[in-house]
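Reviewing the structure listed below.
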Amino acid sequence: MIKRNIFTIAFAVTAAIFSSNLQAKVTVFAAASFNNALEEVAANYKKANSNSEVVLSFASSSVLARQIDSGAPADIFVSADQKWMNFLAEKNNIEPTTRVDLVGNSLVMIAPKESDIEKVDLTNPDWQKRLDGTFLAVGDPDHVPAGIYAKTAFTYLKQWDMLEKKLARADNVRKALLLVEKAESPLGVVYATDASVGKNVKVVATFPAESHPPVEYPAAILKGKENAETKSFFDYMQSDAAKEVYKKYGFKVK
């Protein structure tokens, strides 16, 4: 009886290990604006690698970077700007040789689709009259990459001082998009890719490229997570097949 119990336990342990190996899991923390594209890339990867599981977690890059620094169990990080990847690099939280700039994006101003606003001249501060006591939806410029880009752009356009108190500060760019979708804000600043997947919004202006640093999405494998399964999905994220998905959603690829 004792031998049988030992055999049963050993078999159960072996089966659990075997099952775990069959369902290797990769956890990716990624900027909220990368949601739709990365979900499709992960789904395509799963079709070709049925024994793999990819878990995606989306939020503001700043929130995710801080969670990773606090020990959150992620394998890959995709930021919507260089600042928060640099933050993790300085704290030795990434494998530096894996760091790549995955895609690029553009910064745009949007309005509700039914709005009478068709075009905004960003170089003329008179556009702010369209706010009319309401607020401009934007990612919080204190920590959300889209908001940081927006602050830089409006500073370049010499409009930040008069605009700073007219902001509806969202904790990620998708929430800023939602405020405009619901017509709770008459205008908002998001990425071009957010506008392309947004419901009931239209682009009314594109920020001059020289008004802010290039919108880049760096990606890296996190420290100590450079195993075969993580590297496999990380490589797939940079593949031609993945790039076609990114382009479909409006991202810029090399």
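No hydrogens, no waters, no symmetry mates; every other heavy atom, side chains included, goes into these values. Starting from 1, each residue takes its place in the sequence as its number.
Ile148 and Val144 fall into different hydrophobic clusters, defined by Ile, Leu, Val, Met, Phe, Trp and Tyr side-chain heavy atoms under 4.5 Å apart, directly or through other members. Both Phe58 and Phe234 are members of a single hydrophobic cluster when ILVMFWY side chains are connected at heavy-atom separations under 4.5 Å. Linking Ile, Leu, Val, Met, Phe, Trp and Tyr whenever their side-chain heavy atoms come within less than 4.5 Å leaves Val55 and Val78 in two separate clusters. Note: the hydrophobic cluster containing Leu167 also contains Leu107 (ILVMFWY, side chain heavy atoms under 4.5 Å, direct or indirect links). Side-chain heavy atoms closer than 4.5 Å link hydrophobic residues (I, L, V, M, F, W, Y) into clusters, and following such links, possibly through other members, connects Phe207 to Leu131.
For Phe77 and Phe29, the gap between ring centers reaches or exceeds 6.0 Å. Taking the six-membered ring wherever Trp is involved, the centroid distance between the rings of Tyr191 and Phe251 does not fall below 6.0 Å. If you look at Phe34 and Tyr217, their ring centroids are closer than 6.0 Å.
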Under the side chain to side chain donor-acceptor pair (under 3.5 Å) rule, what do Gln82 and Asp101 come out as? Steps first, then yes or no, please.
CA-CA 9 Å; Gln82 300 290 351; Asp101 290 338; 2.9 Å; yes
Please lay out, stage by stage, how Asp116 and Arg130 fare under the test salt bridge (charged side-chain N to carboxylate O under 4.0 Å, His left out). CA-CA 10 Å; Asp116 63 350; Arg130 302 305 297 256; 2.7 Å; yes
Do Tyr45 and Ser52 pass the side chain to side chain contact (heavy atoms under 4.5 Å, CB included) test, and can you show the C-alpha distance, the side-chain angles, and the key distance before you say yes or no? CA-CA 8 Å; Tyr45 178 81; Ser52 298; 3.9 Å; yes
Show, in sequence, the C-alpha distance, side-chain angles and deciding distance for Glu40 and Val245, and conclude whether the side chain to side chain contact (heavy atoms under 4.5 Å, CB included) test is met. CA-CA 7 Å; Glu40 185 166 330; Val245 175; 3.9 Å; yes
Exercise. Going through the distances and angles, do Arg174 and Asn35 end up as a side chain to side chain contact (heavy atoms under 4.5 Å, CB included)?
Worked result: CA-CA 9 Å; Arg174 287 298 174 91; Asn35 188 320; 4.0 Å; yes
Using side chain to side chain donor-acceptor pair (under 3.5 Å), reason through Thr27 and Lys225 one step at a time and then give a plain yes or no.
CA-CA 10 Å; Thr27 300; Lys225 301 300 179 70; over 6 Å; no
- request: Could you give me the CA-CA distance, side-chain angles and deciding distance for Leu222 and Ile76, then say whether side chain to side chain contact (heavy atoms under 4.5 Å, CB included) is met?
  value: CA-CA 6 Å; Leu222 298 175; Ile76 295 170; 5.9 Å; no
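At a threshold of 4.5 Å between non-hydrogen side-chain atoms, the residues Ile221 and Ile94 do not count as touching. Considering only heavy atoms from C-beta on, His143 stays 4.5 Å or farther from Ser61 through its side chain. At a threshold of 4.5 Å between non-hydrogen side-chain atoms, the residues Ser60 and Pro145 count as touching. Between Lys231 and Thr98 the shortest side-chain heavy-atom distance does not fall below 4.5 Å. You'll find the side chain of Leu187 stays beyond 4.5 Å of the side chain of Val180, heavy atoms only. Inter-residue side-chain proximity for Pro141 and Arg169 is flagged as met; some heavy-atom pair is nearer than 4.5 Å. Met109 is listed as a side-chain neighbour of Leu136, based on a closest heavy-atom distance under 4.5 Å. In this structure, the side chains of Val197 and Asn36 come closer than 4.5 Å at one or more pairs of heavy atoms.
Note that the CG atom of Asp235 and the CE atom of Met237 stand 10.0 Å from one another [nearest 0.5 Å]. Atom OG of Ser79 sits about 6.0 Å away from atom CE of Met85, to the nearest 0.5 Å. Annotation: the span from Phe135 atom CZ to Glu184 atom CD amounts to 12.5 Å, rounded to 0.5 Å. The structure places CG of Asn49 at 11.0 Å from CG of Asn44, a figure rounded to the nearest 0.5 Å. Taking CD from Glu90 and CG from Asn92, the interatomic distance works out to 11.5 Å, rounded to the nearest 0.5 Å. In this structure, the separation between CG on Asn105 and CG on Asp81 is 12.0 Å, given to the nearest 0.5 Å.
Of all the heavy atoms in Ala195 and Val190, the pair that sits closest is N-CG2, 4.2 Å. The two residues Ala80 and Val215 come nearest to each other via the heavy atoms O-CG1, 4.3 Å. Heavy atoms only, all atoms of each residue included: Asp75 and Thr230 are closest at CB-OG1, 3.8 Å.
Inspection of the Lys202 and Ser115 side chains reveals no N or O donor paired with an N or O acceptor under 3.5 Å. Counting only N and O atoms by type, the side chains of Tyr246 and Thr193 include no donor and acceptor under 3.5 Å apart.
With respect to Val189, the side chain to side chain contact (heavy atoms under 4.5 Å, CB included) criterion is satisfied by exactly one of Asp194, Val108, Val138: Val138.
The salt bridge (Lys or Arg N to Asp or Glu O under 4.0 Å) check on Lys175 picks up Asp171, with sequence neighbours excluded.
Within the 3.5 Å criterion, the main-chain N or O of Glu95 finds no donor-acceptor partner in the side chain of Glu226. Under the 3.5 Å distance criterion, the side-chain polar atoms of Ser185 are left unmatched by any main-chain donor or acceptor of Gly188. Side-chain atoms of Ser50 never come within 3.5 Å of backbone atoms of Lys47 as a donor-acceptor pair (strictly under, hydrogens ignored). Remark: the backbone N or O of Lys199 is paired with a side-chain donor or acceptor of Glu181 at under 3.5 angstrom.
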Side-chain donor/acceptor pairs under 3.5 Å, residues 63-73, sequence neighbours excluded:
from: Asp69; atom 1: OD1; to: Asn93; atom 2: ND2; distance (Å): 2.9
from: Ser70; atom 1: OG; to: Arg66; atom 2: O; distance (Å): 3.0

Considering only distance and modelled atom types, tabulate donor-acceptor pairs under 3.5 Å from the side chains of residues 154-161, sequence neighbours left out.
from: Thr155; atom 1: OG1; to: Lys151; atom 2: O; distance (Å): 2.7
from: Gln159; atom 1: OE1; to: Trp127; atom 2: NE1; distance (Å): 2.8
from: Gln159; atom 1: NE2; to: Leu122; atom 2: O; distance (Å): 2.6

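Of the charged side-chain nitrogens involved, none lies within less than 4.0 Å of a carboxylate oxygen, so that Lys25 and Glu229 do not count as a salt-bridged pair. No salt bridge links Lys166 with Asp132; every basic N to acidic carboxylate O contact stays at or beyond 4.0 Å.
Open room surrounds CD on Glu114; 12 or fewer heavy atoms of other groups in view lie less than 6.0 Å from it.
Taking the six-membered ring where the residue is Trp, His212 and Tyr149 present perpendicular rings, their angle passing 60° and hence far from 30°. Ring planes of Trp84 and Phe87: perpendicular class, angle over 60° (limits at 30 and 60°).
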